Amino acid sequence: MNQGIIQTLKKIVGEANVFEQLEDVLPYTLDASIIYRGVPVCVVRPHSTEEVSEIVKFANEHKIPIIPRGAGTNFVGAVVPSSGGIVVDLTGMNRIIEINPADLTCTVEAGVVHAKLESELAKYGLYWPPDPGSSDACTMGGVIAMNAGGMRALKYGTTRDWVLGLKVVLPNGRVIKTGSKTLKGNAGYDLTRLFIGSEGTLGIITEATLKLRPIPEAENRISAYFDSIEKAGAAVSKIYMAGIVPAAMELMDRSIITAVSKWLAKKFPDVDAYLIVSVDGSRDEVEVLSNKVERVLKESGASQVLRATTQEEFNEIWLIRSEGATALPNVTGKMNVTHDVCVPISKLPEVFKEIRNICNKYGIPVAIESHAGDGNVHAIFSVNLEDPEECARAKKAHDEMCRYIIKIGGTISGEHGIGIDKAELLVEEIGPISMELMRAIKRVFDPNNIMNPGKMGV
Amino acid sequence: MGKSLNDLAKKLQFCEHCGFCRSVCPFLEASNMEESVGPRGRKTLFLSLFEGKVQPTPRLAQKFYMCGVCRACAVKCPQSIDIAEVSVHARHIIIKANALNPFMRKVANSLVKGVEDGDIFGAAATKAKWAKNITIPNDSGTVFFASCMDTSMAYGELLVDTLENFGWAENTLMFLSELVQKLNIIKFLDTFLKRKNEFYRKSLVNTINLLNKLNIRPSYLGNDEPCCGAALHTYGLLDEFTEHAKKVYKIFKEKGIRRLIVHNPICGGIFKTEYPSYVDGWDVEVKHVIEVVAEAIENNGIELQYPEPIKVVFHDPCYLARFMGVVDEPRIVLKTIENLELIEPPHNKRETKCCGGGGVELIYRDVAISAAINRVSELNTGNPDIISSCCPVCALMIKKGIKNLKLKVKYVDLIDLVNNSLNP
Ligand SMILES: Cc1cc2nc3c(=O)[nH]c(=O)nc-3n(C[C@H](O)[C@H](O)[C@H](O)COP(=O)(O)OP(=O)(O)OC[C@H]3O[C@@H](n4cnc5c(N)ncnc54)[C@H](O)[C@@H]3O)c2cc1C
Ligand code: SF4
Ligand code: SF4
């Protein structure tokens, strides 16, 4: 059977683009979740929508699972071939098809790397606002299929707000175009947004038309230290209440500050939390906003507020943010396992406290990093992945945390998605009726359940 | 000897699978981003090999030999994971398991023999020829290490050219190359390669000239100069490298050498970053010529002027920037040259991008040439008259890139540029 699959695929994409030996496919057995693994029958690398369509048509006829894959940087096992099947690696489809500065749009193939697009757009003074931290590696197909967010989401929204239309290969191999190239569109059900965040379960995105913006003229950063993380969380709401919409608000807790301090052998104030507020706009706007933010932070009980006045200070303020993920494993000697939840921002103070309590209970060290401006919290567990008992404890802590988040009206994923990791928890958040509706939608698109089976609980 | 495999595997457990290394690997880019020949793929494969989940095979070898050991990934990685090191150790395991294909095994044999004889291209008989018309003292504790790659790169170029055109006959070519050595017709070939030889060797003559102008008179070991063994190390012939490195150190000690000045940053890089972990008590100071020149210029302020106005882009060789850690000095020197406008390419200093060499050019020619084309396109973005660098392999690959892209820009060695700017 496998030989037959491989021969057919070779006919579709050419010998050189089908990989079936263990040496070839091992690198495709995992993603940034690290813990989930699965071995595919083969990996195929198409270079056009037509090839993708042929591959999918064939797989559907023979009911072979298909796993669409970008750069494999998702944290939830979303590209792990847990049921074997064919990994369709889209990273070779990496052309920027067009950039239309006059229309404020561009069209790209799915495999274009986010950072690459960013640098090409910058040549026209334009950008695409969603800014996932994985920009250097992640593909636009992956970003769209995961509805990725980023630091600017509090002001600019997530991927869902910046995609105008898609070209998609459906699970039966047929090709559709959704949406339009216009900045507005209201023609029928919003299929574009249905595919955004569908984690490869409804079809393979091969092209996307994106909405762009001119790069803001200026940006500044203001940082503040707080003696309690709860106070820092409260400061976030106060900033909005003062009429300010920053471009980003990033919060790091004591564990991260200490880890970076040790890692870089650099002294930081002995505090519980560090908040960075970034503002953008015209030069004048940024000046006014920076003043306001500085004032509000001081009034919120920050022990030290610094507003960048030079490029060095601007970079320096970011240090704890940029080095946190690197410092943690080096200091703890354990792996970072990043969990992502989101809550109403007024709840941030109590959420920080409770996450610490839960992790404490299970003896799992936790560091908190938060896109605090939109209530998105990343709880970074330090776990020895070689120790099954510790992994089991970490899983318990994770599940308890998620259930608590659901209880207080939050969501189990702000931006990292569901994948395998949270497939069982999803129904607890959305309820059985919504879950059944989602499964029904899945069946309409993919009656044979070939598209990324086992993901998202559908 | 070097790092232990356990330590290496442990370090790799810190990999977050973020894929940032994917964004800088020149050979991954040249392979249209196919994961299994990129740094993150190599990480996964190495751990699988270490854990016995995959066996050493020629197919596996391909994954690790398609790495230029350029260390771009190590600079980019948030955990400073160096996939160059991973590749070298994986190659070692594969070689020990006797799992190379016949051609690659032949390359290995020829490297071992070459290094032992004092010239990796088997041209030991002609390696000191470049210095025959210049007087060099032989009693100084500071030695100019000319490097067999520099003295004999013309043979390397011939080999790469031939493989490029007749790659399908790679085993036959290796046989012919052995035959050349057996028949001892190297001297004849040397004359045949006159123009190519001059291209590489004149930089050595110019180095001595330049150093002398700055009142620095290093000695030169001539035919006694050993090969540094860099090729053994990168090819994964670590047992042979360990033995060889000890021998080299012994020669240096016997001759009372305390300081080396290199032109070829590959030798410099290996001496500086690998010898200390393979040779007990390694205490030889290693400098690149450009460091010495920069220091002399800063101290004595000599005047440099290029004969006509030119625009130069400097390509940092991986070994100079990332192994030797030298990035400011070439710029300090180039900026003092009147008439010369220096432009920076995308990917510069520690973030420099490999020329496509790193040994890949011998085995996976198409990928290497693609990488060279990618790099030369970048280097050419500011429309320079000259692309300058100071590594024989960069020189070869940049010339290949220029030729493929049909550009009018010229390649000139850094030291040649400086030497040509000396007031007569
Ligand atoms: C260091 C780091 C920082 C991160 N920061 C952020 C962040 O700030 N915000 C955020 O939201 N996420 C972040 N992530 C998570 C991850 O990078 C994003 O989810 C990203 O969008 C995944 O893109 P990818 O190309 O790697 O997709 P993959 O991981 O390859 O795939 C993700 C999902 O998309 C599907 N898919 C991929 N391509 C296609 C396609 N063409 N058609 C259909 N389905 C497809 C896959 O089947 C899978 O379900 C981060 C990850 C890392 C490692
Ligand atoms: S950059 Fe480093 S941590 Fe990230 S995938 Fe590559 S080796 Fe792993
Ligand atoms: S050392 Fe260079 S060629 Fe090798 S994996 Fe790293 S970036 Fe790629």
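Computed from a predicted model, the values in this text were never measured in an experiment. Below, chains carry the letters A, B, ... as their sequence lines are ordered, and counting in each starts from 1.
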Other residues, nucleotides and ligands only: do more than 12 of their heavy atoms fall within 6.0 Å of CG on B:Asn404?
yes
Tell me which of these, A:Ser322, A:Ala325, A:Ala137, A:Ser134, has more heavy-atom pairs under 4.5 Å with chain B than the rest.
A:Ala137
Residue among A:Thr91, A:Val25, A:Leu22, A:Val113 with most heavy-atom pairs under 4.5 Å to chain B:
A:Thr91
Proximal component of B:Cys21, with respect to chain A [non-hydrogen, under 4.5 Å]:
neither
Tell me, side chain or backbone of A:Leu26 under 4.5 Å from chain B's heavy atoms, or both, or neither?
both
Counting heavy-atom pairs closer than 4.5 Å to chain B, which one of A:Leu30, A:Asn336, A:Val43 comes out on top?
A:Leu30
Please determine whether the number of non-hydrogen atoms from other residues, nucleotides or ligands lying under 6.0 Å from atom CD of A:Glu15 exceeds 12.
no
Pair count under 4.5 Å, heavy atoms only, with chain A: among B:Lys53, B:Gln55, B:Arg22, B:Arg40, highest is B:Arg40
Between A:Phe75 and chain B, with a heavy-atom cut-off of 4.5 Å, which part of the residue counts as in contact: side chain, backbone, both or neither?
neither
Identify which part of B:Leu45 has an atom lying under 4.5 Å from any heavy atom of chain A, answering side chain, backbone, both or neither.
side chain
Measuring from A:Leu90:CG to B:Met33:CE, what's the distance to the nearest 0.5 Å?
13.0 Å
Please classify the contact between A:Leu385 and chain B as side chain, backbone, both or neither, with a heavy-atom cut-off of under 4.5 Å.
neither
Largest heavy-atom contact set with chain A, pairs under 4.5 Å, which of B:Val37, B:Asn32, B:Val54, B:Thr44
B:Asn32
If you measure from CG on A:Asn17 to CD on B:Glu34, what distance do you get to the nearest 0.5 Å?
9.0 Å
Name the member of A:His47, A:Lys334, A:Met335 that forms the most heavy-atom pairs with chain B at distances under 4.5 Å.
A:Met335
Pairwise distance CD(B:Glu35) to CZ(A:Phe19) - rounded to 0.5 angstrom:
11.5 Å
Assess whether atom NZ of A:Lys116 is packed by more than 12 heavy atoms of other residues, nucleotides or ligands within 6.0 Å.
no
Would you check if there is a donor-acceptor pair between the side chains of B:Thr57 and A:Glu23 at a distance under 3.5 Å?
yes
Can any side-chain N or O of A:Thr326 pair as donor or acceptor with the backbone N or O of B:Pro78 at less than 3.5 Å?
yes
Heavy-atom count check: over 12 atoms from other residues, nucleotides or ligands less than 6.0 Å from B:Arg350 CZ?
no
Measuring heavy-atom distances to chain A, does B:Ser31 have an atom under 4.5 Å in its side chain, in its backbone, in both, or in neither?
backbone
Proximal component of A:Glu323, with respect to chain B [non-hydrogen, under 4.5 Å]:
neither
Closest non-hydrogen contact found for B:Gly41 with A:Pro27 is CA-CB, 3.8 Å
